[in-house]
Amino acid sequence: MTSALIFALSILFGLLLAEARVSRRNEHALRARGATAPPGDVYPWMTVLYPGAFLAMGLEGVMRSHAAVASDLRLGLFVSGALLFVASKALKYWAVSALGERWTFRVFIVPGAPLVTTGPYRYVTHPNYVAVIGELVATAMMMGAWVTGPVMLAAFGAALWARIRFENKVLNDIRSSFSLRRGATLLAVLAVPIWLQAQGPGRGATADAVRQVRVALGHGSVSDAQRVAAAAPAGAGRELATALVEIYQGNDDGARPRLQALVSGGARGEAALELGLLEMRHGRRDAARQLLEPLTRQTLSTTDDYFLLARAARAVHEFQLANDAYNRITNAARADVFAERGDLFLQFHQPADAVTEFQSALKADPSWVPAHVGMARALADDEPAASSAALDAARKLAPESPEVWLFDAEQQLAAEDAAAATAALDRVAKSRPGTAREFGLRAAVAYLERKPAEIDAALARVHGIDATTALGERLVAQEAARKYRFNDAAEYVRKGIAVDPGDATAQAELGLYLLRTGDEAGARTALEKAWTDPEGRSDSVTKNLLEMLDQLDKFVVVPHNDFIFKFAKEDADVLKPYALPLADQAYKTYTERYGFKPSGPILIEVFPRHDDFAVRTVGLMGLTGALGACFGRVVTMDSPRARPPGDFSWQATEWHELAHVFTLQLSDYRVPRWLTEGLSVYEEYRRVPAWGRELAPEFARNLAKKKTFGVKGMPAAFKHPESLSLAYFEASLVVEHLIDLNGDAGVRTLLKAYADGANDTDAFAKAFGKSIDDVEKSFAAFVQQKYGTLSAAMADPPSTVEADNIPGLRARAAAAPGNFASQWTLGRALIQAGDAAGARPVLERAAQLAPEMQGDASPHALLAAIAEKEGDLTRARRELRALLKYDHTNVEAARKLAKLAADAKADEDQDVGLRLVADLQPFDVEVHSLLGKRELAKGHQETALVEFQAALALRPPNLAEAHTDVGEVLLALGRKDEAKKAAISALQEAPTYARAQDLLLAAIGR
Ligand SMILES: [Zn+2]
């Protein structure tokens, strides 16, 4: 602002100097023509007053430009003033051009010259003076010179008055008095509305006070808002501004009569909107609608009109209308508009869109607190670091903002810190007491603390504020769901729905919770109810879940022992033969290990599309890191079709998720997240030593840097997405150590202690007879003993050497024989240089140092490639076996091993390769029929049957052969009727197929 003022001033004084030069030149010319200056002119006064007026106003303007509060008003006045200034100058120069060389600052009498009546002089006698007054008023506005403006205007006006009287006397013009009045009127027409905007009690001032209060509240500055409201001229504007401050402070009781008075006095617009929103907050919904609905049908012209409509429309659930209104005014680039729109996106679970809006809001006004808080909310799940940075920014701007503390309370609740959550809510109560959300969150804290009486008391407070809201129950339900207690969650949200049957969000949340309990029919009913409301229809989660349920309806349902499986049609026949026995084995293993039978049936849903899995699991697409999820009785997971081959082992996932069923249920869903994950990963490893150990080298590398989490660091490590996968791995090591300490019995005791409500300290004491600190110490020793060697090998290389500098790499490898990276980089460089013989011993050493490496980082992979190239296929197979021992999802290596083994008739290698390929890429016909033949050759008829059936399910090109494969095994198993059917099916495909004919004869023979 300051620089704009100085720029304007420099133009102003530039023009003044130019005018003075013209005046002096004309003066010389007039005197040369014999003109005389009559005595009695006030000219000397005016030579001081005229430039002095500009100077004084300019100084006041620059001084004031540092006070920032009313910057919107200042900008508006500046622009209006600049326009008036240009108009005044135009009028003046018009007059100057009409007067020609007779224009001067001084009054001259030119002998024999006629009176000028052209240009503006046709309309006004003194256009020049009108223009000068205009210049002064304009400058006062531009500079915001509230003191020197009026003073200088009055002084200059007096001088001008004297000048005009003098001039009239000189000119003896009878029209002058009339014209002077006309000139004054013209000026008044220009000046009065502007004057009113700046000072008076008119409409302009009202709008500005309200706007300024909104801006101050948006900046979290209640004191500024109060000051502006108090300074506003008495009337509607002050009432509305005051009401806004009261609402911000939670004083709805104070604001309500003010707003009612305004509305009954005929005010519409913002007063009606705020009163409507206030009534809504207190459950007087009919009254609220009566106020709000007319606002959605108003004629619109300004940004404020659209914004008002958008807010009213949102409150009465006209979301499409609200969104359309926002779309019309995005070019206004206003922080309040963007931030409200961001909130709308958040409401409907579209955080990415919300982030865009909040970013725009912050671009428009970096101090807009609701935009910072909104940003923190939108990023909370996926980018916790950015989220807390946004919250910090908000807190810095507005340390007492109730929005900041509400979000803080929610975050503390999520972190299970009841004391911190309560402290944050106390801060909310200080700056905005008496909101339903505050008491709803207090109820949720009471749930976390397992204090049922306090839950009820807090919910009663919510209903004291708004008897018709389900918000309190919904917040408790959210907390229950966060603790995996979905039955509780469903029960609470149902209580909320009983209070407010029309709450579409509550219905949608009930749908999500019921899905997690396995009640898919109930979930559909709830979601469809949500869908009947515009709120439900606008919500991405509701829409996603209903579409996903439609997909799920087409799934094949397979009840099996304690399970109900749901497979997609294209998956069912291939996955069933593997998934069902694996689940049975898991059930048996875990029942023995954990000493109880979980309540069931256990629903297992396998999704060929990852997005369907993600929606089934969290209601939203994405969830890229997760392969499976478990809610206690419901397991959801990706089918091997959902990801590229070799991306993951779906059987390891099934095994992992089923372990959760046991640990969650045994602990009554109170097991800490790190422990249930650690147990599941450790159970993977117990089943197949390569499963769940993929991150051993990375862990060892961190161990070398002393950057592991430790037992006590576990809960925190699970909160950061970037450390999550390593946290899973280390948790499994903690579990391994716990089992070392006290066997499976210790773990059982631990889980039961959590079920009984014990805290970590008590639970550990009960299960292991040790404090957590002691366990931490023995765990450190355990890790050293288990991974110390690998960790030493995985340390960073002692120096940096270019990847193609073989002598340098060689020197480094010799100097650091125990360093994996030094050996491996040399080995790879030698291969690239064509020195395979030189590479081999180096890589062998590397392989000894870190056999756990995966993919091309594994020396075994490089050694296999060398051997294959050199034609040493036996060696190649051996290296591939060594690689696959750890790299269990390396489907390419498994295929290569199977192929090399088939050529060499190395049966055992072939079995290993084929088995892995069949696990990782089960939709490969060839692999199943090969594997079937291998199993048959070994006399494993049952397993052979599974493979042949899988091959048949994939509709191979030679169907007759596939049917016959199945039939022959069935016959061998004595299942003659089925064998006969298989033979007939084969013959339907190929009537002359001899093997099928033989099979049929054998099957119908005795
Ligand atoms: Zn898990």
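Model, not experiment: these values are computed from the prediction. Just so you know, ligand 1 is whichever comes first in the structure, and atom 1 is the first atom listed for that ligand.
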Chemist: Starting from the Zn ion (ligand 1), look over the N/O/S atoms of E677 and name the nearest one.
Modeler: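 Going by distance to the Zn ion (ligand 1), the closest N, O or S atom in E677 is OE1.
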Chemist: Between K770 and D774 (salt bridge meaning N to carboxylate O under 4.0 Å), is one present in this structure?
Modeler: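 Between D774 and K770 there is no salt bridge, as every charged N stays at least 4.0 Å from the carboxylate O atoms.
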Chemist: Tabulate below the donor-acceptor pairs under 3.5 Å that side-chain atoms of residues 376-385 make, not counting sequence neighbours, or state none.
Modeler:
{"from": "R377", "atom 1": "NH1", "to": "E410", "atom 2": "OE1", "distance (Å)": "2.7"}
{"from": "R377", "atom 1": "NH1", "to": "E410", "atom 2": "OE2", "distance (Å)": "3.4"}

Chemist: Under 30°, 30 to 60°, or over 60°: which ring-plane class applies to F662 and F596, parallel, tilted or perpendicular?
Modeler: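 Answer is perpendicular, since the angle exceeds 60°.
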Chemist: So, 2.8 Å as the limit: is an N/O/S atom of E657 located closer than that to the Zn ion (ligand 1)?
Modeler: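 So E657 does not bind the Zn ion (ligand 1) by this criterion.
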Chemist: Using the rule side-chain contact (heavy atoms from CB on, under 4.5 Å), only one of V661, D744, L666, T589 pairs with Y594; which is it?
Modeler: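 When side-chain contact (heavy atoms from CB on, under 4.5 Å) is applied between Y594 and each of V661, D744, L666, T589, only L666 qualifies.
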Chemist: Quick one: angle H656 NE2 - the Zn ion (ligand 1) - H660 NE2, to the nearest 10°?
Modeler: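 Between NE2 of H656 and NE2 of H660, at the Zn ion (ligand 1), the angle is about 100°.
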